[in-house]
Amino acid sequence: MLVEPRSGLLAAWGNALLAGLVSPDEAALAIVGEDAVHRVDGLPGEAGPVGLTLALGRLRGLGATGFRVALPVPGHPLGLSGPPDFNARALEAEEAVVAYGVPYGLVPEVTEAGPAGDLHVEVVWRVLPVREAPPADVPSLGEAERELAEALRDATAVLSRLDVAGSGPVAEAAMDAYQARAERGRDVLAPGYPPRAVRVLEMAQRVGLLVSVAYENGHGGAVSASEIAARGEALRPVERVARRAQVAAYNAYVEGGEVRR
């Protein structure tokens, strides 16, 4: 989870744009990030793909009042509300954005070309109808914060006992990368998000880092089948908690109306 989902960036900066805190060009630049280009396909009234700036303006003109994130995985439709076609596409991408005020959602389709370290990345956001219904399994910020604290404590204890997440060059490199990113500034969430949302997202990133390092370090000291199973049992609920917290942080604007003008 060191790299934030594109849907999180689109929702966060789209919300800042709707709140009047950033310009359309600022929002589009932040959403694209290091990708080459983003386009939006399937907007009402458009015959083909259009740029992000035009798309965000068009969605606002259609009545969009906010954006929320979905981060579903098999067995956990986090943030989805239907219909089945949208859910299936979002599940395949493992992320999506759902607009408030208009019955549309956006699912990213990512194309990569070129060698490692010099990838050319293009993203097409497919606009699809969505059902106006409560999203699945999205916690409040307070719930997410409590869940993260408990999950981090429990997972650290289990993984330390199994010797899979605390040492070695892979773990050290991952921690160094996280610390460097933290020092560069906390700007993943766009202007206007409340401090609690920023805090929850940062904690979710730390928990996600722990999970990533545990997976990437192989079996570590977990040499028996029972120990490997125990590691998996420890990681699965932690991953779930971290994704729920990410969604709660990104959705703080639409769930609680907390973006500050």
Side-chain angles (χ1 to χ4, degrees), residues 1-8 11 68-82 87-88 90-98 134-168 170-172 174-175 177-178 181-182 188-189 196-252 255-256:
M1 285 183 194
L2 291 177
V3 177
E4 291 306 304
R6 291 179 174 88
S7 56
R68 60 175 173 84
V69 172
L71 297 178
V73 295
H76 189 203
L78 177 61
L80 297 179
S81 57
N87 286 2
L91 184 59
E92 182 178 357
E94 296 191 352
E95 61 176 308
V97 173
V98 178
D137 199 34
V138 176
S140 68
L141 281 174
E143 291 171 333
E145 196 167 26
R146 290 190 296 273
E147 289 177 0
L148 281 169
E150 181 177 351
L152 183 58
R153 182 183 65 248
D154 293 348
T156 299
V158 172
L159 296 174
S160 295
R161 175 167 55 82
L162 297 177
D163 190 27
V164 296
S167 62
V170 174
E172 292 174 4
M175 289 301 298
Y178 178 81
R181 174 176 176 171
V188 174
L189 281 177
R196 191 174 202 179
V198 177
R199 185 169 67 246
V200 167
L201 184 59
E202 288 175 340
M203 190 181 298
Q205 290 171 337
R206 290 197 296 271
V207 172
L209 174 63
L210 175 65
V211 172
S212 297
V213 170
Y215 277 131
E216 293 168 7
N217 268 357
H219 292 162
V223 294
S224 72
S226 62
E227 287 173 332
I228 293 171
R231 182 186 65 162
E233 288 298 315
L235 292 178
R236 280 190 288 274
V238 175
E239 281 186 301
R240 186 185 185 100
V241 166
R243 286 188 299 105
R244 276 167 50 88
Q246 277 188 302
V247 170
Y250 287 123
N251 293 4
E255 299 298 340

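Just so you know, these numbers use all the heavy atoms, side chains as well, and skip hydrogens, waters and symmetry mates. Since the structure is predicted, the reported quantities are computational estimates derived from the model, not experimental observations.
- In terms of heavy atoms, Leu80 sits closest to Pro72 at CD1-CB, 3.7 Å.
- Listed by chain and number, the residues in a side-chain contact (heavy atoms from CB on, under 4.5 Å) with Ala144 are Pro139, Val200, Ala245, Ala248 (sequence neighbours excluded).
- Checked against salt bridge (Lys or Arg N to Asp or Glu O under 4.0 Å), Glu147 has the following partners two or more places apart in sequence or in another chain: Arg244.
- Residues Pro74 and Leu91 form a side-chain contact, since some pair of their non-hydrogen atoms from C-beta on lies under 4.5 Å apart.
- Every residue two or more places apart in sequence or in another chain that forms a side-chain hydrogen bond (donor to acceptor under 3.5 Å, both in side chains) with Arg6 is listed here: Asp35.
- Around atom CD of Glu92, no more than 12 heavy atoms belonging to other residues, nucleotides or ligands sit under 6.0 Å away.
- With contacts defined as side-chain heavy-atom distances shorter than 4.5 Å, the pair Asp137/Arg240 qualifies.
- Nearest heavy atom pair, residue Leu71 against residue Ser7, reads CD2-OG, 3.8 Å.
- Here the closest heavy-atom approach between residue Ala252 and residue Leu141 is recorded as CB-CD1, 3.9 Å.
- When all heavy atoms of Val69 and Val247 are compared, the pair lying nearest together is O-CG1, 3.4 Å.
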Passes side chain to side chain contact (heavy atoms under 4.5 Å, CB included), Glu239 versus Val73? Steps please. CA-CA 11 Å; Glu239 281 186 301; Val73 295; over 6 Å; no
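- The heavy-atom pair separating Gln246 from Pro5 by the smallest distance is NE2-CD, 3.7 Å.
- With sequence neighbours left out, the salt bridge (Lys or Arg N to Asp or Glu O under 4.0 Å) criterion links Arg68 to no other residue.
- Between Ala242 and Val207, the shortest heavy-atom contact is CB-CG1, 4.0 Å.
- Judged as a side-chain hydrogen bond (donor to acceptor under 3.5 Å, both in side chains), and not counting sequence neighbours, Arg146 has no contacts.
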